Q: 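Let me give you the structure first, and then I'll get to my questions.
Fair warning: this is a prediction, and the values are worked out from it, not measured in the lab. Sequential numbering from 1 along the given sequence is applied to the chain's residues.
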Amino acid sequence: MNKILKKLPRALILPGMYIFMEWMFHLYYFKTAGLSMLYIALFATAFGLTITSLTSFPVKRANKIIAWTATIITSIFFALQIVYGHIFKTFISLHSVMENAGDASEFWKEALNGIIASIPGILLCMVIPLIMLGFALKKGKIGVWGRNFKENTIYQIGCFAAGIIFYIIAILSLGLGGKDDYSAYDIYHNEFMLDQGIENFGVITATRKDFGELLFGDSKELELIDNADMSSLVISGDGKNDLPKPTTPAPTSTPTPTATPLPTQLPDLREEEPDEPKATATPTPSPSPTPTPIDTSPNVLDIDFEALAQNARNSDLKQIHEYMAASEPTKKNEYTGMFEGYNLIYMVCEGFSPWAVDKDVTPTLYKLTHEGFIFNNFYNPIWYTSTSDGEYVACQGLLPYSSNSFKRSKKNNLPFCLGWQFLKLGYPTRAYHDHTATYYGRNETHPNLGYIFKARGRGLDLKGSWPESDLEMMEKTIPEYINDERFHTYYMTVSGHLEYSFDGNSMAAKNKSYVQDLPYSSHCRAYIACNKELDLALEYLLQKLDEAGILDKTVIAFTGDHYPYGLTVDEISEIAGHKVDEEFELYKSNFVLWSGSIKEPIVIDKPCSSLDMLPTVSNLFGLEYDSRLLMGSDILSDSPALVMFNDKSFITDYCMYNVNNKQITMLQDVELPEGYIQAVNAVVKNKFNISKSILLNNYYSYIMDYIPDVVTTVPDSYETN
C-alpha cells in the first residue's frame, strides 16, 4: 500500500495537463476568469483521472497508445474550436463536423487564414500539452509503473473512482452560481447550448454533452415549461395565457383549463386600449391604406388542435397541439393583402449588413434601405450553422435546433414556406444560388421549399471565381421569369462572403476601384467592395423590372444571413464610426421590404428580427397561413415584440435582456412587474423547444389536411414566355 501511495502523484499529471488546456483555452478565447474556472477544473480533473486509469495497464505500449490517442484527439478538438471560433464567432458541434466536413474543404483558404491567425491559441492548447505528454511519457510518469497486477488494479480502480468523485463534485458545484435561468446549473441540466457549455464547463465536458446530443438528441423529447413556475402569468378560463398588466389585478382564483397551459405570449405593460395599436408597432400610414373597416380577425386556419391533441400518437405531438391551441394568433391589420397579386423576389444575402450600405458606393442598397418599409430596430442573430441557419430562419419562420436544421428538414412538409404558398396561387416558383448546389445540401433542401432550384453544378453556368458574382447570377436568371405573368423567385447570394481582402476575394478585387477613396482600412474597404457586387446585381434587377413595366407590381424582400464576422468588431466599429456593442448592436441589420408602388417610406420602430420576415410577408400578400404555427410574428400586427438570440438573450418592446450577465437595459420608461424576465425566459425557451420538435417530428405533416388547396409537388419546369 505504501508503494501505491508513493506513486499517487503521477495520477495528477494528466488531470493537470487537461486543466492547463482548458484554462488556456478559456483565457485565450473568453479573456475572463470566474466561477466557471472552478467548474472547468473539476470536470477536467475527472476526465484526466479517467484517462489515467486507462493508461495504467501492465502493457506499456498499450498505455502509451491510449495516452497519445486521448490527448491528440482532445487537443485537435481544442484547436478546431479555436480556429472555428475565430472565423465564425461561434463553436462547431460534432453533428456539424460530420455533416459539413466535405463542404468545408471548399473553403480551405479561409481555414488556412484562420489557422494562421489562431497560432497562439493552438500553441497553448494543442502543441504545449502534447510536448508535456511526450516529456511525461519519456520520464515514465504516465502508464505502467509496476508489474504487480494487484497493485496496478488497485491504482486503476482508485483513479477511476476518484474520477467519478470529482465528476460528482463538479455536478454539485454547479449550484454555487444559482439555479436560475441560463445559470451554469440550468445550462448543464436543462438548456444545454454548445457555446455556453464551452464557456461554463470547458471544451471536454461540452463536447461530451454535444456527443450525447448527437447520439440521443433526436429522440424527439419535448420539454415545455408550464405555468406552475410562472407566477406572473394569469391563465384565463379558456386555457389561453393572459399576461399581466400593471393596472389589472390578478384574479383570486384560476379556473382549470382544458389543456395544459404553456407560456406562449409576452407580458403587456400598457394600459388596456382595446381599439388602439401598440405605440411601438404603429407604422407610418400606408399611402394606399386598406379601405375601412379593417379586418382584424386572427390570421389562423381552421385547425382543431384540441381534437388533434386527444388523438396524438405520442406525447410530443400532444404537447405541440396543446401549445398551438394555447397560443395567441396575430391579427390581420391595415396592411393585410397590401401586395396581393404582386410578384415577389425574396432573398437572403451573404454577409449583408448596414455596414455595406454607402450612399455613394452602393447607391441601390442605400435606396432600398431608405425607401419602402423601414424597420429601424431589425436584428439578424447568428445561429449554429451561420449561413444555412440564417436561411432556415428567414425561409421557414422557425428557430434552428443545434446545427444543420435546414438539412434535417429536407424531407419535412413545409406548407407555409413561400415557394409552396405561391405555387398554390399559380405562380411559377424558382430559387437560385450562385455557389455550389450541393453546399449545405441545398440541392435537396431548396426543392423541398417549393422551388425549381438552380445553382452552380445544377443548371446555372457561372464563371469559376471565388466568390461568384451576384450580378452574373442576375444576368443569367432574370430572363427565365421576367416575362411571366406573375412570379415568385428566391435568391441566396454569395458575393459578400469572407475573406475580406483584395488579393483573396475576386469580388473585392473586381470592385476595388469603387472603394479606393473610402477612409477605411483595407479589410473594411474589401467588405464594401464585395457588397458592391450585390448592389450592382440589385441595380440590374430594378432596371429589368422597370423595362418590363412591373417595378410597381413587384416586391423585393431581403436581409443578410448573418453579420459580417469576417471583419473584427474593431473593423465593424471603424465603418460604423463608433464602438459597436457586441451584445446586441452587432446583430442589428436591415430588412429590405420594398416595392415601386410605395411612394413614401413606412417607418416601423418595433423591435423585430429575421424570424418575423416570413409571417410579415405572408400577411402582406394575404396568404393563407396560421400565425400560431410560426415562431416569429407579423411585424405590422399589434403583437408584442420579441427578438430572440442564439444564447436566448432577448429584446421586447420594453427592454433588452442579456442572459450571460443578467443585465437589463430598459427601452421604455416603465417599471417591469415582478417575474417579467422569468416570464419572457419561459416563452423563449418554449419557442426554441417547439421549433426543435416541429423539425424533428415533421409536425406540419400532421396538419396538412387542414390546409386549403395544399400543393406538395413542384413542376419539372416552367415555360418561359
Q: Charged N to carboxylate O below 4.0 Å: is that the case for Glu472 and Lys463?
A: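 No, Glu472 and Lys463 are not salt-bridged.
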Q: Run the ring-centre check on Phe88 versus His562 and record whether the distance is less than 6.0 Å.
A: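 No - the distance between ring centres of Phe88 and His562 does not fall below the 6.0 Å cut-off.
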Q: For the pair Phe25 and Phe30, name the ring-plane relationship: parallel under 30°, tilted 30 to 60°, perpendicular over 60°.
A: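 It falls in the perpendicular class, over 60°.
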Q: If you draw the axis of the six-membered ring of Tyr565, does the NZ or CZ of Lys89 fall within 45° of it and under 6.0 Å from the ring centre?
A: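 Pair Lys89/Tyr565 does not count as cation-pi.
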Q: For side chain to side chain contact (heavy atoms under 4.5 Å, CB included), just list the numbers for Ile452 and Thr429, CA-CA rounded to whole Å, side-chain angles, deciding distance to a tenth of an Å, and then say yes or no.
A: CA-CA 7 Å; Ile452 290 178; Thr429 55; over 6 Å; no
Q: Could you please spell out the steps behind the side chain to side chain contact (heavy atoms under 4.5 Å, CB included) verdict for Met507 and Ser469?
A: CA-CA 7 Å; Met507 293 301 105; Ser469 166; 4.0 Å; yes
Q: Evaluate the criterion side-chain hydrogen bond (donor to acceptor under 3.5 Å, both in side chains) for residue pair Thr568 and Asp570; output intermediate values, then yes/no.
A: CA-CA 5 Å; Thr568 66; Asp570 287 341; 5.2 Å; no
Q: Please say which of Phe650, Tyr657, Phe584 ends up in a ring-ring contact (aromatic ring centres under 6.0 Å, His included) with Phe645.
A: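 Of Phe650, Tyr657, Phe584, ring-ring contact (aromatic ring centres under 6.0 Å, His included) with Phe645 is met by Phe584 alone.
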Q: Has Lys454 got its NZ or CZ under 6.0 Å from the middle of the six-membered ring of Tyr432, at an angle within 45 degrees of the ring axis?
A: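 No, a cation-pi geometry is absent between Lys454 and Tyr432.
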Q: Please give me the minimum heavy-atom distance between Tyr481 and Tyr491, naming the atom from each residue.
A: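 Minimum heavy-atom contact is OH-OH, 2.9 Å.
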Q: Report yes or no: do Gln543 and Glu539 form a side-chain donor-acceptor pair below 3.5 Å?
A: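 Gln543 vs Glu539: no donor-acceptor pair found between side chains.
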Q: Might you point out which heavy atoms bring Cys417 and Gln396 nearest each other, and give the distance in Å?
A: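 Here Cys417 and Gln396 meet closest at SG-CG, 3.7 Å.
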Q: Is NZ or CZ of Lys648 both nearer than 6.0 Å to the six-membered ring centre of Phe688 and within 45° of the ring axis?
A: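 Cation-pi check for Lys648 and Phe688: passes.
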Q: Looking only at the aromatic ring of each residue, does the gap between the centers of His433 and Phe453 stay below 6.0 angstrom?
A: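 Ring centres of His433 and Phe453 not closer than 6.0 Å.
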Q: When you check the gap from the basic side-chain N to the acidic O, do Glu585 and Lys588 get nearer than 4.0 Å?
A: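 No, this pair does not count.
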Q: For the pair Asn343 and Val555, evaluate side chain to side chain contact (heavy atoms under 4.5 Å, CB included) and give the outcome as yes or no after the intermediate values.
A: CA-CA 6 Å; Asn343 306 308; Val555 175; over 6 Å; no
Q: For Cys530, is there any backbone N or O sitting under 3.5 Å from a side-chain donor or acceptor partner on Ser495?
A: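 Here the side-chain-to-backbone pair does not exist.
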Q: Flag the pair Tyr366 / His370 as yes when their ring centroid distance falls below 6.0 Å, and as no otherwise.
A: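 That pair passes the under 6.0 Å test.
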